[in-house]
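So the structure is just underneath, and the comments pick up after that.
A note on names: the letters A, B, ... follow the listed sequences, proteins ahead of strands, and every chain is numbered from 1.
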Number of protein chains: 2
Amino acid sequence: MTQERSKLWYLKNLDIFRYLGDEEYKLLDRYSNMREIKKGEMIYFQGSSDSNFYILKKGAVKITKLTPRGNEIILDILSVGTIFGEMTVLEPRERDESAIVIEDGLICIMNRDEFNRFSKMVPGLSGKMTSMIELKRWNRENKILDLLYCTVEQRLAKAFINLLDDFGIPHDNGHLLQIRLTHKDYADLIASTRETVTATLNKFKADGLIDFENKYIMIKSLDKIRGMAE
Amino acid sequence: MTQERSKLWYLKNLDIFRYLGDEEYKLLDRYSNMREIKKGEMIYFQGSSDSNFYILKKGAVKITKLTPRGNEIILDILSVGTIFGEMTVLEPRERDESAIVIEDGLICIMNRDEFNRFSKMVPGLSGKMTSMIELKRWNRENKILDLLYCTVEQRLAKAFINLLDDFGIPHDNGHLLQIRLTHKDYADLIASTRETVTATLNKFKADGLIDFENKYIMIKSLDKIRGMAE
DNA sequence: GATATAATGTAGGCTTGCTTACATACATCG
DNA sequence: CGATGTATGTAAGCAAGCCTACATTATATC
């Protein structure tokens, strides 16, 4: 029962569902399922025909894409409350990206049929969904474009700024990044290599921009990081 | 009158408008305007609040984006029949890209109000529009991702393959690229520099992959170009 | 607690392709 | 038809960062 309540709580806090009435929340609740997710698990993967859509309720998930040449790029790191996998709900097609759990948590699942049934009862929902997809694609396009013309230092600084939005916690001595990514993850996030990321992170530390506090990164000077990202 | 007929002809050949009846074509015709475009002219530019949508009827247009650092990237080279500028029709916002004419021609213009009036009379049109926007964004995302992990040679080869779709004309000795881009244009298309493009094009020529036939590029071996792009 | 696996640290060599600089060819317009 | 702007050709120097290789340190699993 407390789990049920928490599920509703999470759903209510999503912009896209904000205008729903109590009756509709009960419907949404009825049509969706909840599941635990474990670090390393793939929720869906590139090439599959999975057409569910998901809401991340607890934990963290990365959205990755494997290029033909074998490079893995991380398109997004999702934080709690994020809807994902929605691209195939309105228009079914093969997944062109994978969703991989990077921190244990919980997801809420709704399959396409359930969504369509639900959608019919809530006029305007699919329109909002479309706008959300548009916005996400636009964000993603700009993020990738940034990678084209910046040095590794600048890209890493930008990555920090992006991550702070979702995982940053203000602190006396800066902002704590409340998520643990490996150097390989950072590399995939900025289209660089593990070794270069290690070196750059250590340079940032030496320069007093960041600090390592028991496996989390502390952004000591957000201003300097911002300046670095231009 | 012949011009009017030609306008209708072009509109009828667009997928998105294919299912319209004669009555609706007359409406579309009434609500839209035609204009000549000259090489170098900007149809709309980044940052403006222009919310028309356009159809290219003759000539060629490039869609470019200027990064904060001053790099110009060409996101797309449009060929005849292409709808463009439609991103702001459904959801008005600032242009985040510019449309620049690279070959004299003609465009068909419809402003947002006119489109909305028209759209109300043709159920399903805005849905098709949405799908088209989705598809374009997806294409664009993949194109940019390709730029991240490939060498200049590979990127240039890929650019040729893309351009052939829209501007390629089969020939005895290969495929003629029926569009004239400057080396700077190619550079902006693949996120490289003018000098490097010049050198790479000449290398391609020396290797027998392409040829320069009175200012147009002839792809002599599409297979080799394909192999190069992997 | 022992072992295996994953993550991080460090460094040298090497390559791509960007920069800078200048020369030549071509086009456009009065 | 000359003049000016635009496009192309060429080359040397240089730097970012990738690749390879290996050492060390965490973390997970039993």
Side-chain angles (χ1 to χ4, degrees), chain A residues 38-41 62 67 69-74 100-104 146-159 179-207 210-217 228 230, chain B residues 38-41 62 67 69-74 100-104 146-159 179-207 210-217 228 230:
Chain A
K38 285 277 171 204
K39 186 175 173 180
E41 179 188 338
K62 62 179 175 183
T67 70
R69 234 165 297 271
N71 303 291
E72 194 178 351
I73 180 148
I74 297 181
I100 302 171
V101 181
I102 50 180
E103 232 173 55
D104 292 0
D146 269 340
L147 298 180
L148 278 179
Y149 297 106
C150 299
T151 64
V152 165
E153 287 194 7
Q154 292 168 328
R155 282 180 264 161
L156 197 52
K158 276 176 196 282
I179 184 158
R180 277 193 68 185
L181 299 178
T182 66
H183 293 187
K184 173 73 164 62
D185 284 333
Y186 278 109
D188 293 344
L189 202 52
I190 66 172
S192 177
T193 59
R194 205 269 309 160
E195 297 83 348
T196 306
V197 165
T198 302
T200 310
L201 283 175
N202 287 328
K203 184 178 179 295
F204 279 8
K205 187 186 175 185
D207 292 351
I210 64 172
D211 229 329
F212 306 144
E213 303 207 346
N214 49 269
K215 298 299 153 190
Y216 286 93
I217 287 175
M228 175 141 269
E230 204 125 324
Chain B
K38 285 275 169 206
K39 187 176 172 178
E41 178 189 337
K62 63 179 175 183
T67 69
R69 235 165 295 271
N71 303 292
E72 193 177 351
I73 182 151
I74 297 182
I100 301 171
V101 182
I102 51 179
E103 231 173 56
D104 293 0
D146 269 340
L147 298 180
L148 278 180
Y149 297 105
C150 299
T151 64
V152 165
E153 287 193 6
Q154 293 169 328
R155 281 180 265 162
L156 196 52
K158 276 176 196 280
I179 184 156
R180 276 192 68 185
L181 299 178
T182 67
H183 294 186
K184 174 73 165 61
D185 283 333
Y186 279 110
D188 293 345
L189 202 52
I190 65 171
S192 176
T193 59
R194 204 271 309 159
E195 295 83 350
T196 306
V197 164
T198 302
T200 309
L201 283 175
N202 287 327
K203 183 177 179 295
F204 278 8
K205 187 184 174 186
D207 292 352
I210 64 172
D211 229 331
F212 306 144
E213 303 207 349
N214 52 269
K215 294 303 155 192
Y216 287 91
I217 287 176
M228 175 141 268
E230 206 124 325

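Remark: side-chain polar atoms of Arg155(A) are paired, donor with acceptor, to backbone N or O of Ala191(A) under 3.5 angstrom.
Rounded to whole Å, the distance from CG on Asn214(A) to C1' on dA7(C) is 17 Å. Atom C1' of nucleotide dT16(C) and atom OH of Tyr149(B) are separated by 17 Å, given to the nearest angstrom. In this structure, Leu156(A) places its CG atom 14 Å from C1' of dG17(D), rounding to the nearest Å. For Leu148(A) and dA16(D), the CG to C1' distance is 16 Å, given to the nearest whole Å. Atom CG in Asp185(B) sits roughly 12 Å away from atom C1' in dT6(D) (whole-Å rounding). One interatomic measurement links the two molecules: CD of Glu153(B) to C1' of dT15(C), which rounds to 13 Å at whole-angstrom precision. Taking atom CG of residue Asp188(B) and atom C1' of nucleotide dA7(D), one finds them 14 Å apart after rounding to whole Å. To the nearest angstrom, P of dG17(D) lies 18 Å from OH of Tyr186(A).
The shortest side-chain heavy-atom distance between Ile190(A) and Val197(A) falls under the 4.5 Å cut-off. Looking at Lys203(B) and Leu156(B), their side chains never come closer than 4.5 Å, going by heavy atoms from C-beta outward. The shortest distance between side-chain heavy atoms of Thr198(A) and Asn202(A) falls below 4.5 Å. Tyr149(A) has its side chain out of reach of Gln154(A): every pair of non-hydrogen atoms, C-beta onward, lies at least 4.5 Å apart.
Over its length, the helix from dG1(C)-dC30(D) to dG30(C)-dC1(D) turns its helix axis by 50°, as judged from the five terminal pairs at each end, rounded to 10°.
The minimum heavy-atom distance between Lys215(A) and Arg180(A), with the atom names listed, is O-CG, 3.3 Å.
The shortest distance between the side-chain N/O atoms of His183(B) and the OP1/OP2 oxygens of dT6(D) is not below 4.0 Å. For dG9(C), the OP1/OP2 oxygens have a side-chain nitrogen or oxygen of Asn202(A) closer than 4.0 Å.
Of the listed residues (Leu181(A), Ile74(A), Thr200(A)), just one forms a side-chain contact (heavy atoms from CB on, under 4.5 Å) with Tyr186(A), and that residue is Leu181(A).
One distance of note links CG of Leu148(B) with CG of Asn71(A); it measures 9.0 Å at 0.5 Å rounding.
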(request) Report, as a single string ordered 5' to 3', how protein heavy atoms within less than 4.0 Å touch nucleotides 18-30 of chain D: B base, S sugar-phosphate only, - not at all. (result) SSBB----SS---

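By the side-chain contact (heavy atoms from CB on, under 4.5 Å) test, Ala157(B) is found to be paired with Ile225(B), Met228(B), Ala229(B), residues two or more places apart in sequence or in another chain being considered.
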